[in-house]
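Single-structure report; data block below.
Note that the numbering runs from 1 along the sequence shown for the chain. Order of listing sets the numbers, starting from 1, for every ligand and every atom in it.
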Amino acid sequence: MNKKTIHDVDVTGKRVLVRVDFNVPMEDGQITDDTRIRAVLPTIGYLTGQGAVVILCAHMGRPKGKRVPEESLKPAGDRLGQLIDAPVSFVDDCIGEPVAQTVAAASPGDIILLENTRFHPGEESKDEAEMLAFAEQLAAPADMYVNDAFGASHRKHASTYGVTKYLSPCVAGLLVEEEVTKLQRVVDAEREGFVAVLGGAKVKDKIGVVEALLPRVEHLLIGGAMAWAFFRAQGMEIGESLCSDESIEGAGKLLNSMAEYLDRMVLPVDVHMKKLATGETRYAPAGGLKPGWDALDIGPETREKYADTVRKAKTVFWNGPMGYFEEPPFDEGTLAVAEAMGECTGYNVVGGGDSVAAITQMGLAEQMDHVSTGGGASLEFIENGGSLPAVEALDGKG
Ligand code: ADP
Ligand code: MG
């Protein structure tokens, strides 16, 4: 990586503002998956070991500039304390007097967690002056800045980007270093043997990645609800399958603009569908979808074809499940691709929220070379050819 990391600067005795990604899934006030908290333990451990005062800041959910008690970071702080078996001082705000007092009273090696940065409108403000004014307040109690929030690094927000204008040095944490290094290998992959698998439901957010990847891959396999947008854009019937007008429009534009690369794009040849009125399930060829039916997964022939392509690949990048994997048997397509990735001896990376949940649920995460903690961030990194605003803003090496 061409950016400085915490290993390149002296952190001893410094008050270090560390942006982390603690945007963990919660149900009834309980954290259901603490992967993102575990992912920053190496950075926190290094900083405390060097005698820094660690001031953690992060966002949770979408409170849109207001205090929303359900989106407090307090449970994340409690979990962090359990994981490291050390006290974490939680401050009920992320700026102002309470923060200043806690930091002033801290000793080397202490850990402080600040409340959700998104409780303040300045965090995400499109008005740059407002965003920067808030960033200045956030930076005030600290001597330097560390970005270890890979999953938020595609955002030009006060805590990920604005604070770099007010603190120096600004360096990467160990998670950001690992993510950038491992995803860069995908960006740099040779076209021959490079296979991308894209699926999921957020089609509109992913059209840009399809466009960016097509010139760089040998094969781009499309599954999940994303496939139905391409079906519809070609005038095919998709019955009641999940698909928005916006995604059809996006898919249609791409089919025109990327015509010269379309032989690399592979769409499902069959589907696994459910009749909404009766709950009956059936496989059908791609052209056999009828009104009243909802295509919830790729079919067996597609499964085999995709798995075969993935197994032989030199590099695989996967984002987005192949179907409605939360409801078996519609997890079969996703499972087939996940297993094939496990068997593939090439370099394989999974990025994305639900895709990662799927492979974790299937017990296959350990088989991958890299499982990104960032969904949108990993996609944007690939799309931009290896750059993210909150990483670019850090101090360069040399
Ligand atoms: P990721 O988080 O991996 O980027 P997305 O958020 O784009 O993926 O999409 C994941 C969601 O898409 C999952 O909840 C999955 O069940 C759903 N999904 C995928 N394919 C289908 C389909 N054919 N019909 C309904 N839902 C689908
Ligand atoms: Mg998702």
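Considering backbone and side-chain atoms together, M322 places no N or O closer than 3.5 Å to any N or O of ligand 1. Considering backbone and side-chain atoms alike, W228 places an N or O below 3.5 Å from some N or O of ligand 1. An N or O contact shorter than 3.5 Å is missing between D294 and ligand 1 by distance. On a distance-only criterion, G199 and ligand 1 share no N/O pair closer than 3.5 Å. Residue L242 has no N or O atom closer than 3.5 Å to an N or O atom of ligand 1.
The backbone of A295, and not its side chain, has at least one atom closer than 4.0 Å to an atom of ligand 1 (non-hydrogen atoms only; backbone = N, CA, C, O). When non-hydrogen atoms are compared, ligand 1 lies under 4.0 Å from the side chain of N319 (C-beta onward) but not from its backbone.
Remark: the E71 side chain and the H59 side chain contain no N/O donor-acceptor pair separated by less than 3.5 Å. Checked by atom type, the side-chain pair T35/D33 shows a donor-acceptor distance below 3.5 Å.
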**Full working for salt bridge (Lys or Arg N to Asp or Glu O under 4.0 Å) between R19 and E123** = CA-CA 12 Å; R19 176 56 156 103; E123 168 70 342; 3.7 Å; yes
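Note on F134 and V163: same hydrophobic cluster, where clusters join Ile, Leu, Val, Met, Phe, Trp and Tyr whose side-chain heavy atoms are under 4.5 Å apart, directly or indirectly. Hydrophobic clustering, with ILVMFWY side chains joined whenever heavy atoms are under 4.5 angstrom apart, groups V349 together with F150.
Ranking the protein heavy atoms by distance from atom 19 (C) of ligand 1 puts G323 O, 3.3 Å first. The nearest heavy-atom contact from the protein to atom 11 (C) of ligand 1 is A201 CB, 4.1 Å. Here the heavy atom of the protein found nearest to atom 10 (C) of ligand 1 is D354 OD2, 3.4 Å. Scanning all protein heavy atoms for the shortest distance to atom 24 (N) of ligand 1 gives L296 CD2, 3.7 Å.
Here the straight-line distance linking atom NZ of K165 with atom CD of E136 works out to 13.0 Å at 0.5 Å rounding.
Summarising the geometry of L394 relative to K3, their closest heavy-atom pair is O-NZ, 3.1 Å, with the distance given to 0.1 Å. Considering every non-hydrogen atom in both L17 and A139, the closest pair reads CD2-CA, 4.4 Å.
Within the listing of ligand 1, atoms 3 (O), 8 (O), 10 (C) sit less than 4.0 angstrom from a heavy atom of P321. Within the listing of ligand 1, atoms 1 (P), 4 (O), 5 (P), 7 (O), 8 (O) sit less than 4.0 angstrom from a heavy atom of K206. Interface atoms of ligand 1 facing S355, defined by a heavy-atom separation under 4.0 Å, are 1 (P), 3 (O). Distances below 4.0 Å separate heavy atoms of E326 from the following atoms of ligand 1: 13 (C), 14 (O), 15 (C), 16 (O). Of all atoms in ligand 1, listed by their number and element, those nearer than 4.0 Å to a heavy atom of K202 are 6 (O), 7 (O).
Electrostatic pairing of E327 and K274 counts as a salt bridge here, judged by a charged N lying under 4.0 Å from a carboxylate O. Between E380 and K156, none of the side-chain N atoms (NZ, or NE/NH1/NH2) sits under 4.0 Å from a carboxylate O, so this pair counts as no salt bridge.
The heavy atom nearest to atom 20 (N) of ligand 1, out of those in S378, G333, A225, is found in A225.
Checked against the Mg ion (ligand 2), the N, O or S atom of D354 at the shortest distance is OD2.
For H272 and F330, the ring centers are positioned less than 6.0 Å apart.
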